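Just so it is clear, the model here is predicted, and its values are computed rather than measured.
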Protein chains: 2
Amino acid sequence: MRIDAERVFSAHDHAACRQATLERAEEIVAVEGLRLTPVRRRTLEILLESHQALGAYEVLDRLVASGFARQPPVAYRALDFLVDHGLAHRIRRLNAFAACMRPGEPHRPAFLICDTCQAVAEAPGTAVADAMLAAAGAVGFEIERMSLEAVGRCPACREARA
Amino acid sequence: MRIDAERVFSAHDHAACRQATLERAEEIVAVEGLRLTPVRRRTLEILLESHQALGAYEVLDRLVASGFARQPPVAYRALDFLVDHGLAHRIRRLNAFAACMRPGEPHRPAFLICDTCQAVAEAPGTAVADAMLAAAGAVGFEIERMSLEAVGRCPACREARA
DNA sequence: CTTGACTTGTTATTTTATAACATATTCATT
DNA sequence: AATGAATATGTTATAAAATAACAAGTCAAG
Ligand SMILES: [Zn+2]
Ligand SMILES: [Zn+2]
Ligand SMILES: [Zn+2]
Ligand SMILES: [Zn+2]
C-alpha cells in the first residue's frame, strides 16, 4: 500500500494529486447524497492547493478572492462541512485545516507536521490508534475521537538543515 | 506500576493527590534551580484543584481572586513556565492546561479527556508514542513533539449513562 | 554597587471561533 | 404548481484565545 506521506514529503505531480483527490471527493458526495455547493467546493480546492494546513482566516482570504463575502462563518461553515464528512481534517496543534488525502477510505490519520516547511501529511495511524485504544481500555475509558499529531521535520527539511 | 488514570477517574483522596504532586513539583524546581514565584505557584495550585483542564482565562479569573492583575499575560506567562518545565501539560483539543501528575518523571502522556465530566487523565503513552515514531520513521520524518489526545467517556460517566 | 538575566506590570492588538437571526434555496409531498 | 420542512447562505455582532511590545522592577553574581 502506497503511503501518502511519502508523496506529500517529496516532489510529486501535485496538480494530478490534487485533481485525483478532488475527483474522489466528488464521488463521495455523489454517493452520500451531499451537496458540494460552490463555497464548499471552492474551499476544498483551496485546501488542495498545497499540502500545507490553512487557518480558517487564510481560507477566508482566498474565498474572498473568489468572490465570496469576507465573513468568518462563510469559511467556518464550509470547513465544518468538509470535516464533518471526512473531506478535510482539523489539525489541532495548528488551529488549521488540511484536505483529507484519502476521502471515503476508512483511515486513522496520524498527522506529521513539518515545522520548517509547514507541510502536513497523514501517516497510516492504525497502529497508533490501536495503542491508544489499548491504553484507554486498560483504565475503562471509551474513546470516541482522537487526535494524533506530531511536529518535527520532514525528510527534505531534515536534509536541508544537515 | 500504578496508572494515574485509574486514580483520576475514580473517587480518591484528592487533597492528598494534589498535595503530593505539589510537593514533587517543588522538589523539581529546587533541583533544577527554577523560580517558583508566587504567580507560578498559585497557577500550579489552581491547576491542581481538580483533574479538569482549565483554559487560560479560567486560570486568570482565579488568579484575580488571589489578588493578581486581570491581564492575559499574567496567566499565559505562568502557564508557559509550567509547561516549559514539565509541571503542566497543554491540552490542544481543549485549548486548555492541566497539571502534570508525574512531574520530573520522564513520561509520554497520552491524554484521555472525558467529554461528560471534563476530567483529563494522563495514560501511559509509551506504546502510543513508539507507534507514532515508527509511523514517522517509515517515511523519514523526525518527530520533535507530539500530541496524543483522545476524547470520550471515563468509566464513571460511562456507567452513569448506561 | 553594578551588571546582566530574569520576572513582572501594563496597554494594546491579533487571531481564532461562535451566537443569533433573517433570508433564500432545495426538495419531497400534496 | 403550491406547500412546507430541511438545509444552506447572508449578515451583524461578539466571544474566546493568544501574543506583541515595552517599561519597570527584582535578584543574584561578580
Ligand atoms: Zn500533492
Ligand atoms: Zn518540511
Ligand atoms: Zn486527584
Ligand atoms: Zn467523566
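The aromatic rings of Y57(A) and Y76(A) sit perpendicular to each other, their planes meeting at more than 60°, with 30° as the lower class boundary. Between F9(B) and F141(A), the ring planes are parallel. Angles under 30° get that label, and only those over 60° would be called perpendicular. Between F81(B) and H85(B), the ring planes lie tilted relative to each other; the angle falls in the 30° to 60° range.
Ion pairing between a basic and an acidic side chain is recognised when a charged N comes within 4.0 Å of a carboxylate O; R62(B) and E49(B) show such pairing. The pair E149(A)-R92(B) does not count as a salt bridge, with every side-chain nitrogen at least 4.0 angstrom from each carboxylate oxygen. Between R18(A) and E45(A) there is no salt bridge, since no side-chain N of the basic residue sits under 4.0 Å from a carboxylate O of the acidic one.
Nearest-nucleotide assignment on DNA chain C puts the 5′-proximal partner with A69(B), out of A69(B) and N95(B). When each of L94(A) and P72(B) is assigned the nucleotide of DNA chain C bearing its nearest heavy atom, the one mapping closer to the 5' terminus is P72(B).
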What nitrogen or oxygen pairs link the protein and nucleotides 5-9 of chain D at under 3.5 Å?
from	atom 1	to	atom 2	distance (Å)
dA8(D)	OP1	R40(A)	NH1	3.1
dA8(D)	O5'	R40(A)	NH2	3.4
dT9(D)	OP1	T37(A)	OG1	2.9

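As rounded to whole Å, 14 Å separates atom C1' of dA17(D) from atom CG of L54(B). We find that CZ of R70(A) is positioned 15 Å from P of dG10(D), with the value rounded to whole Å. In this structure, CD of E58(A) is placed 12 Å from P of dA17(C), rounded to the nearest angstrom. When the P atom of dA17(D) is taken as reference, atom CG of L79(B) falls 12 Å away, rounded to whole Å. Rounded to whole Å, atom P of dT19(D) lies 7 Å from atom CG of D80(B). F68(A) has its CZ atom 8 Å from the P atom of dG10(D), to the nearest Å. Taking atom CD1 on I91(B) and atom P on dA17(D), their separation rounds to 15 Å, with Å as the unit. R93(B) places its CZ atom 13 Å from the P atom of dA17(C), with the value rounded to the nearest Å.
Between F111(A) and H89(A), the distance separating the two ring centers is shorter than 6.0 angstrom.
When each of H51(B), R7(B), E6(B) is paired with H12(B), the side chain to side chain donor-acceptor pair (under 3.5 Å) condition holds for H51(B) and for no other.
Interface remark: the Y57(B) side chain does not form any donor-acceptor pair with the dA15(D) base, using a distance-only criterion of under 3.5 Å.
Rounded to the nearest 0.5 angstrom, I113(B) CD1 and I91(B) CD1 are separated by 5.5 Å.
Which of dT10(C), dA18(D), dT12(D) sits closest to the side chain of Y76(B) comes down to dA18(D).
Using five terminal pairs a side, the axes of the helix from dC1(C)-dG30(D) to dT30(C)-dA1(D) at its two ends make an angle of 20°, given in steps of 10 degrees.
Using a 4.0 Å heavy-atom cutoff across all strands shown, R90(A) reaches sugar-phosphate atoms only and no base atom.
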